[in-house]
Amino acid sequence: MKVKLSGITHFPTHVVLKSKDKHNNIPDFSAEPGEVCIRYENDKTLIYCGIGEKESCTHRIIRASSAKGVQRASEMKRNEVSLILHEISDNPEATMAALEGTLLGGYRFTKYKSEKPDIVKTIELVGSELSASSVHKIEIICEAVSYARDLVNENASEITPDRFARDAQALARTGVISVTVLDEKELQRKGLNLITAVGQGSPTPPRLIIMEYKGNKKDKKKTALIGKGVTFDSGGQNLKPTGSIETMRCDMAGAAAVLGTMKALVRLKPGINVIGVISAAHNAINGNAFFPGDVYTSYSGKTIEIYSTDAEGRLILADAATYCLKNYKPSEIIDLATLTGGIIVALGDLVAGLFSNDDNLAMQLFEAGEKSGERLWRLPLYKEYSDALKGDLADLRNISKFKKGHASSIIGAAFIKEFIEDTPWAHIDIAGTAFNEGQAKGEIPQFGTGFGVRLLLNYLLK
Ligand code: BES
Ligand code: ZN
Ligand code: ZN
């Protein structure tokens with residue numbers, strides 16, 4: 001979608017954000033948050049979008065309301081829309097949220113539709129005091145979200161581990177980041193046996209991809225972002241049943257969020273240091289697939305007894321974290337992963353699970369999420385959870401001794417923690433928030449949501 005700044009309206013279709021405060025004489029419209037009504041005046045179409053009382057109106061409401069506005073305009077086959085922001089023009093952050101809502105809400109994945117729906121292609125911002133550069137920054141961020149959504153929505157047969165490597169290498173050709181790819185042979189040779197095990201049942205072999213962005217060589221701070229990139233999670237020998245397997249192309253959403261974030265950093269070039277790591281494997285089942293009951297030695301040296309081949313995300317993240325710690329020495333690590341179904345039981349698809357060994361990092365991520373509208377809620381990591389992962393045959397087991405399903409998201413996080421050493425670390429379980437099986441909710445589309453990109457950028461660029 002193209003964005004223009006303008007003082008007056010040029011297009012006949014207007015999306016108008018409307019609060020309850022301003023006396024409004026629109027019949028049968030009370031400007032409640034989320035309420036939309038359409039009026040025709042002369043040759044103009046006015047799509048009024050309610051934002052409630054200005055006093056209590058949040059960025060969340062503004063984002064969702066502008067998203068609805070652009071969606072209605074798309075349904076009405078309008079290609080060009082003026083976004084009228086006079087009511088919030090005194091608040092630059094609110095107008096940014098309106099632009100975000102419009103860009104994010106205007107997204108649709110139409111690649112596999114024979115008949116392409118008409119969508120809004122150009123918007124004109126009227127009544128905002130945003131500078132061209134802040135508009136451009138928001139465009140870059142929202143394009144990175146769309147890219148992450150596209151990666152999740154695309155067929156699992158297209159988004160293979162090697163496709164992640166090729167997309168990262170394409171980013172490196174900008175000269176802004178450097179990229180290292182470990183292929184299946186190097187993974188095996190170097191002893192990243194957990195990534196190797198998870199990927200060995202597939203004809204599309206695993207990759208570990210490391211992207212380095214050095215925006216401030218004097219600063220010692222270096223944040224590592226690690227994304228779970230299981231390009232399809234069949235469950236392996238512990239095969240997922242019908243009803244659970246259909247959406248498993250979304251199991252690389254953490255990797256998509258990391259790659260999207262790196263793509264935005266390449267364009268924004270901020271003065272910070274970030275390492276993006278993608279641990280990519282296809283958890284498949286063929287004659288060569290890894291076995292439940294077998295023990296594998298991780299890159300860290302700890303041995304792992306595989307109790308379920310479906311608890312594969314923690315395995316590939318463990319090797320990725322150790323590799324990153326040993327070879328890149330980050331000052332903090334944030335991993336994003338569609339790790340457990342349990343987080344959907346706990347928080348639904350509205351909030352992601354946050355786990356951390358560092359209160360300050362956890363708080364900053366929580367705040368970044370409140371700001372971006374990608375909510376996080378922290379869960380505990382008491383010693384008893386780690387104790388439940390102690391192995392009998394090996395050092396660790398990949399699922400706990402607890403009853404099936406008990407505290408499964410915490411257990412997943414506690415497993416990763418075993419490989420983090422003393423580095424400040426946060427794990428974000430996005431199994432619920434990364435993929436929306438229902439209808440669009442404001443700026444959150446059906447299917448891949450791109451969850452995490454704006455959260456990470458908000459955190460990194462604060
Ligand atoms: N990829 C799944 C988690 C998942 C579930 C993601 C639903 C998105 C939607 C993960 O690899 C998995 O299978 N986890 C198991 C772990 C269990 C075997 C301990 C789970 O959560 O059931
Ligand atoms: Zn799994
Ligand atoms: Zn998985």
Side-chain angles (χ1 to χ4, degrees), residues 151-153 156 159 161 194-195 197-199 201-202 206 226-257 278-285 289-293 304-320 335-353 355 379 385 388-389 391 396-416 427-438 447-452:
L151 287 171
V152 172
N153 290 332
I159 311 299
L194 300 183
I195 302 182
V198 172
S202 169
I226 308 186
K228 169 177 174 183
V230 171
T231 57
F232 189 82
D233 183 9
S234 73
Q237 310 266 10
N238 294 91
L239 187 65
K240 283 189 184 291
T242 299
S244 302
I245 201 169
E246 295 80 357
T247 57
M248 282 303 133
R249 72 176 189 286
C250 83
D251 214 19
M252 33 56 78
I278 289 175
S279 198
H282 169 201
N283 189 20
I285 175 168
F290 72 136
F291 294 109
I304 320 294
E305 186 177 354
I306 306 300
Y307 267 81
S308 172
T309 59
D310 198 12
E312 83 298 340
R314 61 199 70 182
L315 300 174
I316 66 165
L317 290 171
D319 267 358
D335 81 74
L336 264 86
T338 46
L339 204 74
T340 64
I343 208 68
I344 313 176
V345 178
L347 302 168
D349 61 7
L350 299 169
V351 182
F355 306 81
L379 289 157
Y385 296 114
L389 282 165
L396 290 170
R397 5 183 324 142
N398 77 331
I399 62 178
S400 79
K401 293 173 185 156
F402 292 165
K403 279 193 186 151
K404 192 165 184 265
H406 281 207
S408 68
S409 307
I410 301 179
I411 291 295
F415 184 89
I416 300 169
H427 157 64
I428 303 175
D429 192 337
I430 59 170
T433 51
F435 198 80
N436 172 18
E437 290 187 57
F447 313 125
T449 64
F451 188 98

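Order of listing sets the numbers, starting from 1, for every ligand and every atom in it.
Side-chain atoms of S279 never come within 3.5 Å of backbone atoms of L317 as a donor-acceptor pair (strictly under, hydrogens ignored). Under the 3.5 Å distance criterion, the side-chain polar atoms of S202 are left unmatched by any main-chain donor or acceptor of A284. Side-chain N or O atoms of D335 include none that pairs as donor or acceptor with a backbone N or O of I226 at under 3.5 Å. Checking side-chain atoms of R249 against main-chain N and O of V152 turns up a donor-acceptor pair under 3.5 Å. Under a 3.5 Å cut-off, the side chain of D251 and the backbone N or O of D233 do not form any donor-acceptor pair. The closest donor-acceptor contact from the side chain of K228 to the backbone of T338 lies under 3.5 Å.
Atoms of ligand 1 lying under 4.0 Å from any heavy atom of G341, numbered from 1 in the order shown and given with element: 3 (C), 5 (C), 20 (C), 21 (O). The atoms of ligand 1 that sit less than 4.0 Å from any heavy atom of T340 are 3 (C), 21 (O). Short contacts between ligand 1 and S308, defined as distances under 4.0 Å to a heavy atom of the residue, involve ligand atoms 18 (C). Taking every heavy atom of K240 and a limit of under 4.0 angstrom, the matching atoms of ligand 1 come to 2 (C), 12 (C), 13 (O). For ligand 1 and K228, the ligand atoms under 4.0 Å from any heavy atom of the residue are 1 (N), 10 (C), 11 (O). Annotation for ligand 1: atoms under 4.0 Å from non-hydrogen atoms of I399 are 19 (C). Close approach to E312 involves these atoms of ligand 1, each under 4.0 Å from a residue heavy atom: 11 (O).
Residues M248 and N283 fail the side-chain proximity criterion, which asks for heavy atoms closer than 4.5 Å. In this structure, the side chains of F415 and L339 stay at 4.5 Å or more apart for every pair of heavy atoms. Using a 4.5 Å heavy-atom cutoff, the side chains of I410 and F355 are in contact.
In terms of protein heavy atoms, atom 12 (C) of ligand 1 is closest to D310 O, 3.2 Å. What sits closest to atom 9 (C) of ligand 1 on the protein, heavy atoms only, is M248 CE, 3.5 Å. If you check which protein heavy atom lies closest to atom 14 (N) of ligand 1, you get L339 O, 3.4 Å.
Within 6.0 Å of CD in E437 there are 12 or fewer heavy atoms belonging to other residues, nucleotides or ligands.
In this structure, I344 counts as a contact residue of ligand 1, since one of its heavy atoms falls inside 4.0 Å of the ligand.
Using a 30° and 60° split on the angle between ring planes, F402 and Y385 fall in the perpendicular class, above 60°.
When only interatomic distances are considered, the shortest N/O to N/O separation between R314 and ligand 1 does not fall below 3.5 Å.
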### Query
Can F435 and D349 be said to form a side chain to side chain contact (heavy atoms under 4.5 Å, CB included), step by step?
CA-CA 8 Å; F435 198 80; D349 61 7; over 6 Å; no
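Counting heavy atoms closer than 4.0 Å to ligand 1, residue K404 contributes nothing at all. At a heavy-atom cutoff of 4.0 Å, ligand 1 is contacted by the side chain of D233 but not by its backbone. Under 4.0 Å from ligand 1, the heavy atoms of D251 that appear belong solely to its side chain.
Here the protein contributes K228 NZ, D233 OD2, D251 OD2, E312 OE2 as N, O or S atoms under 2.8 Å from the Zn ion (ligand 3).
A donor-acceptor contact under 3.5 angstrom links the side chains of T340 and D429, judged on distance only.
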